[in-house]
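Note that this is a predicted model, so its numbers are computed, not measured. Here is how names work: the chains are called A, B, and so on, in the same order as the sequence lines, proteins then strands, and each is numbered from 1.
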Amino acid sequence: MGGPCEVLAEVADETEARKITDAVAACAWRVENKFSRYRADNIVARINAAAGSSVEVDSETADLLDFAALVHRLSDGLFDITSGVLRKAWTFDGGRRLPAQSEIDALLPFVGWSKVHWLRPMITLPPGMQIDFGGIGKEYAVDQAIQLVAQMSSAALLVNFGGDLAVTRSRDGNRAWRVGIEGIDAAVQRAAMLVDLTAGALSTSGDTYRYVESEGRRLSHILDPRTGWPVSGAPRSVTVAAPTCTNAGMLTTLAMLRGPKAEAFLESEGVRHWVQRST
Amino acid sequence: MAGAASAAAAAGVTDMADKDVKIGAALAAATCSLLGTAAPGVSVAADAEPQWDIESAFLYYGESDDRVKDLSLSAHATRDFGDERTLGLDLSVDSLTGASPSGAIATDGVQTFTSPSGRKTYSTPAGEIPLDESFLDTRFALNGSWSQPLARLYRVSAGLGFSSEYDYQHIGANFGLTRDFNQRNTTLSAALAYGQDTVKPVGGLPLPLTQMGDAVDDAMSPANRGDSNDTKDVLDVLLGVTQVLGRHTVLRVNLSYSDSSGYLTDPYKLLSVVDPVTGDLIGRTPATGASGPTGVYLYESRPDSRRKEGLYAEMRHDFSGKVLQVGYRYSTDDWEVDSHTLESRLRLPFGSSSYLEPHVRYYQQTAASFYRYSLANVTPLPDFASADARLSEMDALTFGLKYGHVTAGGNEWNARLEFYRQTAKAPNDVLIGNQIGNTQMPDFDAVILQFGYHFKL
């Protein structure tokens, strides 16, 4: 999941606690194994390796593809699960190497959900194109896990996969879960803001660790699928609270993609949000 | 479709992102469809920025027989700035009324005293314990502290405090350091506090072990008064260890040392001077045309230093939600006041958001070496003498019950009712003649009623 996964549970019984953590871990591994682009044996690998031929997908994958297609449409193409190909030109490891425009131009023909033929349950990618659920997977896994454990236990639970998290309910005694949002300056390990969560989910998108520097400018890892370049003027970190983690995650990603207008976007959507920018 | 997207990309990307069309509802619906859940209602209650966490309380304390009453409003506010950096502020206002025993003994006749100001007299009926003149005072106190981690396992705190009432001022500073060991199962702590108090009694500081004189008018200074004020310095040192003993038990042990120096006498306390054989009050006649005491009363005198050492041990155990806390304190000092305190609380949760907490406390102390019930009319006088019941042999018992309820918003309100009974003892060796079997110690009962509200701002 690209980060620490944790479960906070208010249960007195050790057996129950173990049952819950085991279920969450199993759920995390299931989603990871099924949708990670780093594996050669899953549905994503099969779709990406089909080289122009059609692949029939299971209903869960189909649901995710439907969702990705809808968000692509809602965001006028800003959110695009085919943009991963651009990573061949970009390495966001804090370094300074910028790709040449020619490298990006060579990749752009292989980016664009509009070029994909998707008719449930069949998907066909033009040769050279790839899909990747990196922008949805973690939040989706949190929601899957929280639904699963909410059915197993009435206890107050918080599931956190690398900063994307959801809770089943308020803590015992009607207390809130107090969540610290990491500050943008990684050197100072402190929670910049505190959020009291009694229900719902939080998702954070940021460039604390993933960025590239150019002429003193820090370019975010958020790539605009239509230009192939990082979105300019993007905040350093965006956190959104929403009923589900997937919902929150989409809003943070879309806010990031709006660059300087991230705050305006979140304001107009009327969601609770916390934006951190470099001063 | 593909052509349209390319054309749009060529036309420039920012325009597309600028469309001010709300997508929230469609996105939420799509998410619910993806996750196979019904659309949740408003389920997010999140608040940004550090918050003030405030424990406020209104307290009534009332002693029996119309003695001291205290109405108090207090607020303890903490603000978490993240990363365990916290600011704490304490504010309290007390309104004290009533009177407390002056130290003079009850007698068969009416007793007359000169008030602390030295300008007026007041009388105590026969057979009653003399109380010092009724007072009305407002006390204001403010404390601020800052606490933060220093390194990975260290934590420091520093604070300043101030309090004021019409005849008493206090300023103080404190510093604390804790260190975690043993995977944070053990915490060692050290704390240092220094305070300076200024006593400025009405009418000036009485000279120790001198006689209360007649009331005088404003043109003259009252008899046997010294400076208008004096100070007291108090240094406190505390060393503690907190040890986690398993998943449900925590033990805390503290060692404390306290060194007070300066003016430690109570300027309003008296001693009755009595016949060394009968134990009866020595009579006195005010000067002609003056009003004043009808007996011989001396102002008390205490040493100018006091060193206390204490040991405190507390155990907390969680019996699956029911938390039992038992504490014991031993304290000894060079005034020979040795005390034992045993205290216990049990928190019993019930329902989903309420609790009951019974509380019991027993306290017992020995008398100070210079405690006297009264002072025999012999020479020479002792260097130090006090008839303050708080320095006598005594015990005290407290019973209480607290009820707390956590609201849907996560705030808590609570109510606490406690009964306190203090019983002082005067063994025969501090009594003289007729006093034996005839002693009236200034015992009293008190009621404590408190309403608290714990909320966030």
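- A/Phe265 has its side chain within reach of B/Ile23: a pair of non-hydrogen atoms, C-beta onward, lies under 4.5 Å apart.
- In this structure, chain B has no heavy atom under 4.5 Å from any part of A/Arg169.
- Nearest approach of A/Met250 to B/Leu27, heavy atoms of both residues: CB-CD2, 3.6 Å.
- Residue A/Leu64 touches chain B through both its backbone and its side chain, counting heavy-atom pairs closer than 4.5 Å.
- A heavy-atom distance below 4.5 Å is not found between the side chains of A/Asp66 and B/Leu34.
- Atom OH of B/Tyr60 sits in a crowded spot, with more than 12 heavy atoms from other residues, nucleotides or ligands closer than 6.0 Å.
- Ranked by heavy-atom pairs under 4.5 Å with chain B, the list A/Thr246, A/Asn247, A/Asp143 is led by A/Asn247.
- The neighbour count for B/Phe399 CZ, taken as heavy atoms of other residues, nucleotides or ligands under 6.0 Å away, does not exceed 12.
- Of the listed residues B/Ser354, B/Ala30, B/Pro349, B/Ala25, the one with more heavy-atom pairs under 4.5 angstrom with chain A than any other is B/Ala30.
- Residues satisfying the side chain to side chain donor-acceptor pair (under 3.5 Å) test with B/Gln450, not counting sequence neighbours, are B/Arg416.
- In this structure A/Arg18 satisfies the side chain to side chain donor-acceptor pair (under 3.5 Å) test with no other residue, sequence neighbours excluded.
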